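Heads up, the thing below is written out as structure tokens.
One-based numbering, in listed order, for ligands and for the atoms of each. Keep in mind that this is a model prediction, so the values were computed, not measured.
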Amino acid sequence: MTIRLDDRFVRPFLSDYELKKTEADVEKAIKTLRTRTGAGAEMLGWLDLPEAYDKEEFARIKAAAAKIRSECDVFIVIGIGGSYLGSRAVIEFLKSPRHNLLGDGPRIFFSGCNISDSDLDELTEICRGKNVCINVISKSGTTTEPAISFRYFRAMIEEKYGKDGARDHIFVTTDKCRGTLKKFSDEAGYETFVVPDAVGGRFSVLTAVGLLPIAVAGIDIDELMGGARDAMKELDTDGIADNPAYNYALIRNTLYRQGKAAEILVGYAPYLLMLNEWWKQLYGESEGKDGKGLYPSSVIFSTDLHSLGQFIQSGERMMFETVLNIEKSDSDAKVPFDAANVDGLNFVAGTSLAEINNTALNATVLAHVDGGVPNVILNLKDRSAHSLGYLIYFFELACAVSGYTLGVNPFDQPGVEAYKKNMFALLGKPGYEDMADALRARLK
Ligand code: PA5
């Protein structure tokens, strides 16, 4: 199996009685998901996506990516939440957080995922004198952050290449037919890709939403989909016992019922940072509703052992850790011998960094378990596109089963609207007048 769940360091925290009780609910949740009878069942397009994806569009994605790679210096991906986290996570995992300095294809930047003026100014500066392509990704087409960024970069591109020339530089990923962005793009003549109706933003990384930017980064998207396809088949089991995704759902729900309030996803390399961010949206937006849910948090060790390590070791006992261990290293870097031995480290001279990092993982797991923090370990075979595709599907499946076990609809996100309504009212959007006065009074 590409993923192995090691429960040795969580098992001592779980009684057979508790596990059995949760197991019955997980079994029901699996049935609800597989028979497509639960809340949000119309949003299960991701479940068979690795096999049922649109092959014609997949070929168009590859062709567009090849064109962008050969013609552009800078590629700006415009989107927020589920419309950017997945592609960024995959690119950083498989290439590097420093992919732009490695010189393979265009430099890739993400915009429209904040409202920061300085961020926009910096990107504008980066684009100066460069050949620029953009991919705006928005299912609704009206999300404020990417819409502002799209206005900005569309104007830049039209100024650079003219309205006709802009067609070769603007790529749009949006709703198939309902949204305003699709209509606008068709009229303007931009190439469009589809966010399928039945796939929510946070489950959309293996659609055109993620695949176009990922392919522009030079990543083999066939291999990525192949990994997801293997996961789809191997993780469709009858029982929980041999299924790491179902087991993960079982363990985290049992810990939640014990009173754990937070789950920390732990990685041991900077290339895992954005995967952590993607995972946080997936679990946070799927489970955090109706007054329920584990708060999803994340760390990169050993870096954060020097900042958050103290709290995790002996602060409030509210959390458990899920450690994502990448089993095979792709480097043979070793600690150099130093005749002066100023730091006293010659006892590890010649030892690989991979071995030291793995020792840090083992040492930390034991220390945190001693401190009362349960640790679930997910062992992922390697850092390949196949394994990552597998992992993405694993997390999505476990998330859906977890959400149903928790008793929520894992596929909606009604809470996201609250800030938007307030912001629109305060900015004076027509139709929000009634709200605006009350909000302003509260801010005085
Ligand atoms: O998961 C989600 O649904 C959200 O994160 C959305 O992806 C995000 O709000 C962006 O929405 P849209 O693609 O409509 O611009």
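- Not one N or O on the side chain of Asp304 forms a donor-acceptor pair closer than 3.5 Å with the backbone of Leu308.
- Taking the six-membered ring for Trp and the full ring otherwise, Tyr190 and Phe171 have centroids separated by 6.0 Å or more.
- Salt-bridge formation is detected for the pair Lys233/Glu51: a Lys NZ or Arg NE/NH1/NH2 atom is positioned less than 4.0 Å from an Asp or Glu carboxylate oxygen.
- Residues forming a side-chain hydrogen bond (donor to acceptor under 3.5 Å, both in side chains) with Thr173 (at least two apart in sequence, or on another chain): Asn135.
- Under the 6.0 Å distance and 45° angle rule, Arg383 counts as a cation-pi partner of Tyr271.
- Inspection of the Glu321 and His368 side chains reveals an N or O donor paired with an N or O acceptor under 3.5 Å.
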For ligand 1, which of its N or O atoms have a protein N or O partner closer than 3.5 Å, and how long is each gap?
| unit_1 | atom_1 | unit_2 | atom_2 | d |
| --- | --- | --- | --- | --- |
| ligand 1 | 1 (O) | Arg202 | N | 3.1 |
| ligand 1 | 1 (O) | Gln281 | NE2 | 3.0 |
| ligand 1 | 1 (O) | Glu285 | OE1 | 2.8 |
| ligand 1 | 5 (O) | Gly82 | N | 3.0 |
| ligand 1 | 5 (O) | Gln281 | NE2 | 2.5 |
| ligand 1 | 7 (O) | Gly82 | N | 3.2 |
| ligand 1 | 13 (O) | Ser83 | OG | 2.8 |
| ligand 1 | 13 (O) | Lys139 | N | 2.8 |
| ligand 1 | 14 (O) | Lys139 | N | 3.4 |
| ligand 1 | 14 (O) | Ser140 | N | 2.9 |
| ligand 1 | 14 (O) | Ser140 | OG | 2.8 |
| ligand 1 | 14 (O) | Thr143 | OG1 | 3.4 |
| ligand 1 | 15 (O) | Ser138 | OG | 2.6 |
| ligand 1 | 15 (O) | Thr143 | OG1 | 2.5 |

